[in-house]
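Report on the following structure.
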Amino acid sequence: QVQLVESGGGSVQAGGSLRLSCAASGYTYSTNYASYCMGWFRQAPGKEREGVAVIDKTSTTYYTDSVKGRFTISQDNDKNTLYLQMNSLKPEDSAMYYCAAEPVLFGVCGVRAGFNYWGQGTQVTVS
C-alpha cells in the first residue's frame with residue numbers, strides 16, 4: 001500500500017521561501033526503479049490542478065514554466081522523501097500542494113502526466 005504524506009506548508013510573505021516534504025511508503029526508488037517518477041502538483045480554489053515539478057529515475061527534473069528558476073524538486077532516496085524548495089514565492093503560488101507517485105502510463109514522467117497515488121495535500125498561502 002502506497003502512502004504519501006506531505007508537510008511543510010504554511011503562510012509566508014511574497015518573496016519568502018518554504019520547503020515542502022513528502023514522506024513516501026510503499027513506493028521507493030529501489031523497488032520501483034523501472035517506472036520511478038514522483039512529483040508535486042497544486043490546485044488553487046476555482047482552478048484546475050496543475051503540475052509543478054516532477055523527478056524521474058535518472059533524477060531528471062521537469063518544471064512548469066511559472067516556477068522555473070524559483071522552485072527546486074529533489075529527493076532523498078535513503079529517506080524515501082521528496083522535497084520541493086520554493087523560493088521567491090508569489091501570491092499566485094498560493095494553493096494546496098499535493099505529492100504524487102507512479103505515473104499512470106509506464107515511463108511517462110512529466111508535469112502533465114497522470115499519477116496513480118496522491119497525498120492529502122499541504123496548504124501554501126503567500127500574501
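When a residue number appears, it is its place in the shown sequence, counting from 1.
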Got a salt bridge between D65 and K68, using NZ or NE/NH1/NH2 to carboxylate O under 4.0 Å? yes
Under 3.5 Å: donor-acceptor pair, side chain of S94, backbone of V126: yes
Find out whether the Lys NZ or Arg CZ of R42 is both under 6.0 angstrom from the six-membered ring centre of Y98 and within 45° of the ring's axis. no
In this structure, would I55 and Y83 fall into the same cluster of hydrophobic residues linked by side-chain contacts under 4.5 Å? no
Any donor and acceptor pair, going by atom type alone, linking the side chain of T125 with main-chain N or O of S11 inside 3.5 Å? no
Parallel under 30°, tilted from 30 to 60°, perpendicular over 60°: which one fits the rings of F41 and F115? perpendicular
Is it true that a side-chain atom of E6 and a backbone atom of C99 form a donor plus acceptor pair closer than 3.5 Å? yes
Establish, yes or no, whether the cationic atom of K57 lies under 6.0 Å from the six-membered ring centre of Y33 and within 45° of the ring axis. yes
ILVMFWY cluster, M96 and W118 together (side-chain gap under 4.5 Å): yes
Between the main-chain N or O of K79 and the side-chain N or O of T81, is there a donor-acceptor pair closer than 3.5 Å? yes
If we ignore hydrogens and angles and just use 3.5 Å, is the side chain of D93 paired with the main-chain N or O of K90 as donor and acceptor? yes
Hey, does the side chain of N32 reach the backbone of Y36 with a donor-acceptor pair shorter than 3.5 angstrom? no
